[in-house]
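The structure appears right after this line, and notes come after that.
Please read these numbers as outputs of a predicted model, since none were measured by experiment.
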Amino acid sequence: MKTTDARTFQEIDARQQKRWQEMNAFRAERLPGKPKFYCLDMFPYPSGDGLHVGHPESYTATDIISRYKRMKGFEVLHPMGWDAFGLPAENYAISTGVHPRVTTEKNCATFKRQIKALGFSYDWEREVTTIDPGYYKWTQWIFLQLFNKGLAYEAEVPINWCPKCKTGLANEEVYQGKCDRCETPIEKKSLKQWMLRITAYADRLLEDLEGIDWPHSTRLMQENWIGRSEGAEVDFELPSIGEKLRIFTTRPDTLYGATYMVLAPEHPFVVKITAPEKKSEVETYVAAAANKSDLERTELAKDKTGVFTGAYAVNPVNGEKIPVWVADYVLITYGTGAIMAVPAHDDRDHEFATKFGLKMIEVLKPPADWKGEGAFCGDGTSINSGVITGLPTPEAKKRIIAWLKEKGIGEPKVNYKLRDWVFARQRYWGEPFPLVHCDKCGVVPVPESELPVRLPEVENYEPTGTGESPLAVIESWVNTKCPKCGGPAKRETNTMPQWAGSCWYYLRYMDPKNDKAFVAGDIEKAWMPVDLYIGGAEHAVLHLLYARFWHKVLFDLGHVSTKEPFRKMVHQGMILSYAYRDSKGAYRNYKELEIAEDGTAKTSDGEIIKPVVEKMSKSKKNVINPDEVLERYGADPFRLYEMFMGPLEDTKPWNIRGIEGVNRFLKRAYAWGLERHSALTDHEVSGQDLILRHQTIEKVGADIEALKFNTAISALMIYLNRLTEQKETARADFETFLALLHPFAPHITDELWEVSGGQGTLMKQAWPAADKAVIASRELEIPVQVNGKIKEKLHVKETTTQDEIKRLALEAAAPHTAGKTIVKTIVVPGRLVSIVIK
RNA sequence: GGGCUUGUGGCGGAACUGGUAGACGCGACGGACUUAAAAUCCGUUGGCCGCAAGGCCGUGUGGGUUCGAGUCCCACCAUGCCCACCA
């Protein structure tokens, strides 16, 4: 190679990115005229730390797919944007006074610069930002559609309150009783909140999971989160107050085993039924339960507590008088807030009954192979249970429900764990609600013509802490006219949660500048659904459930044409890295250490420390900065390494040494291309070389389709190894290699393409076609096993008949079978021959 | 406690619907080039025995099904993630 011709990878990155921009290479047509492919990344929250190496992992994957699909003749929609509302910018504003918009815009610019440096083929004309009034106008508009449909309502509800963030949180934002963002224990606080009736869509959100190509685990998580359970509601008489207590159970077949009842501490009947002599004890218990945070309630879960109210209920199936207790293991938020307790057949009831010495009655016979202890909770056969005695559980359930209904004491009922979505935050940096409160007219939506309701400038970002947002103190903004009656009215001062903007951004990309509609109908029909969506698994139930909900609402209103937004969903695995912790337990920055061959490190004071593979975080000082990798290697090695590390969906450790391999490969490819491009031969290669070309075409294409980028790269390495051995390079091999490598390493391949006289970008060239006939002409090595051990190997054409292979195998194995009886011979076409002897 | 995921060389990882375990790469070792180093190139590289031919062992552990198991079944151990008193 003449080194004078060579450019550094960084020079190549800059040159090719400039060329792509000049030829407007990534622009997607407004309406696709060819088969379409909508390839979507989860848009990032632009944090102040900039990109970390986890972001480009999924972006590289979608970029490979996008470039590949374009080469396969698809019109590809591949956009990027910013999920830019959010707490960090607001918290930063509180401490520094810098407007969140300023911080956010700066962060967006950094993210954009870093993403562009990697050469991803995004159509930047379609960039969207959730904080842009032209965008949140439509977020507000969609909210109004929900409002008008009765899916948004105000309710005074006990909400999860983070005392540090001074805001309400959705259940989904509470992690182990703590605030998802700041880890402060969550308290309960009663506030008037905007709620979205996601529960109205519970069944459809559940059912429609069937039709989409999503990871099994994500579907399961959504199923569990929705938590549908079928059972019955049953009324129990409370003779002391002459009322009925309604309970929910999924096991109505165990009704005869109900020996006591439990009310949640917040249940309205608690006060009514408590016997005078139990009053103070019950009140004390209820007050204590009210003061427990979610965290405490969770931590104390193992040890059940409760008190007897002194009242009794009547079991409707057998007339038994059973005691009514109050205990906080029963939740007011689920079912009816009251249960019948069947200690013989429920673990929790069993534990409670054991602790308080309550009666247990067995009404289920376990299957013969059951050898558990304590309560039997599975399916068995009903015993001592009146009309259902002798029936297996599923049948017993049906029968008893029918019987209860007939007698007027119960009815079938479906319950969900899913709660309505608390859709309001007492914060500044979010979308304002397009609503005003009028004394005369109540809650009135802002007319569509007045959207967006813009976020006003404030001086103080500090939440009021009283449950009102910082917006509440801006009187000039709050005081307005009622759109209905023209009288004085006040604006809603809560803002929408961060999830709002991300619920529909994938729709806006299709038609980002439209100011008449969030997306034009014909454009929506042409592009939807999203064909491939890649993003983190941490959104399995949050964003991905909310977005499906909004999409279904829009579908019902006729605004979108598909009932599900994302046809195929894939989660990229997390990238971990080596963290070094010294003997004092302090994390050391890997850059300040002397790293040995085996990965162990030596500190400046001579201490040897072993690395631990951990999630990247600032506090662990093991964050890999993409800028540094780019500076040292360039964009293509970075992209290639992220894909070569392992399967996209796996968690895998970043090892800076690993990049050396792909860097060498690209350097060899570049050197080979520079050396050969001017002396390509036009005559066709044959034999193994031709077979290898077509095998590689087939393998790389199939692997890209299956998102198995690591093995696609290894096939390309094998191909290049052979090409560099050849004395002459056929034009067809040169072009094939560049085309196949292009989606992975677009800069270097386009550089070689350009240098060799090619026009435009390889991305606009056709993907090479694999010739199956050529592949079929290859020679196979067929191992011959004798009693499971490989003894010989046959070399045959793929077209050789089974009989012939069998004959050859028996012949070859003759020395090993001499004097023995051949019991059977198994020929697996294209694989092996197995001979069993005795 | 429940659900799901994953266990393969020194390391990252390959292995189609049960069919040659360890592709490809890193690292290591040996060699070439060089005054030298870097870079590059060539060779070796799962373990054990053997001069070799070859043999034995080997995919977390213990069983099982099968001509054949990394792959299927049962039990156990370990890992990571999610949910966590939802009646």
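With hydrogens and angles ignored, a donor-acceptor pair under 3.5 angstrom links the side chain of A:Lys793 to the base of B:rU20.
The separation between A:Leu263 atom CG and B:rC85 atom P is 19 Å, rounded to whole Å.
Residue A:Lys708 is in sugar-phosphate contact alone, with no base atom involved, counting any heavy-atom pair closer than 4.0 Å across all strands shown. A:Thr825 comes within 4.0 angstrom of nothing in the nucleic acid, heavy atoms only. Within the nucleic acid shown, A:Ile718 comes within 4.0 Å of sugar-phosphate atoms alone, with no base atom in reach, counting heavy atoms only. If you check every strand for non-hydrogen atoms under 4.0 Å, A:Ser229 touches sugar and phosphate atoms only. Residue contacts shown for A:Lys699 are absent, as no nucleic acid heavy atom lies under 4.0 Å away. A:Leu220 comes within 4.0 angstrom of sugar-phosphate atoms only, judged by non-hydrogen atoms across all strands, and of no base. Residue contacts shown for A:Ile790 are limited to sugar-phosphate atoms, with no base heavy atom under 4.0 Å away. Residue contacts for A:Ser834: at a heavy-atom cut-off of 4.0 Å it reaches a base atom on one of the strands shown.
With both ends at atom P, the span from B:rU5 to B:rA23 equals 28 Å, rounded to whole Å. Rounded to whole Å, the C1' atom of B:rU8 lies 41 Å from the corresponding atom of B:rC85. On the P atoms, B:rG60 is 13 Å away from B:rG10, given to the nearest whole Å. Taking the P atom of each, B:rU65 and B:rU17 are spaced 25 Å apart, rounded to whole Å.
Looking at residues two or more places apart in sequence or on another chain, you find a side-chain contact (heavy atoms from CB on, under 4.5 Å) between A:Leu220 and A:His216, A:Glu223.
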Please report the C-alpha distance between A:Ser382 and A:Asp253 in whole Å, then the side-chain angles of each, then the deciding distance to 0.1 Å, and finally whether the side chain to side chain donor-acceptor pair (under 3.5 Å) criterion is met. CA-CA 7 Å; A:Ser382 288; A:Asp253 59 304; 4.5 Å; no
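Both A:Phe248 and A:Asn224 sit near RNA chain B, but only A:Asn224 has its closest nucleotide nearer the 5' end.
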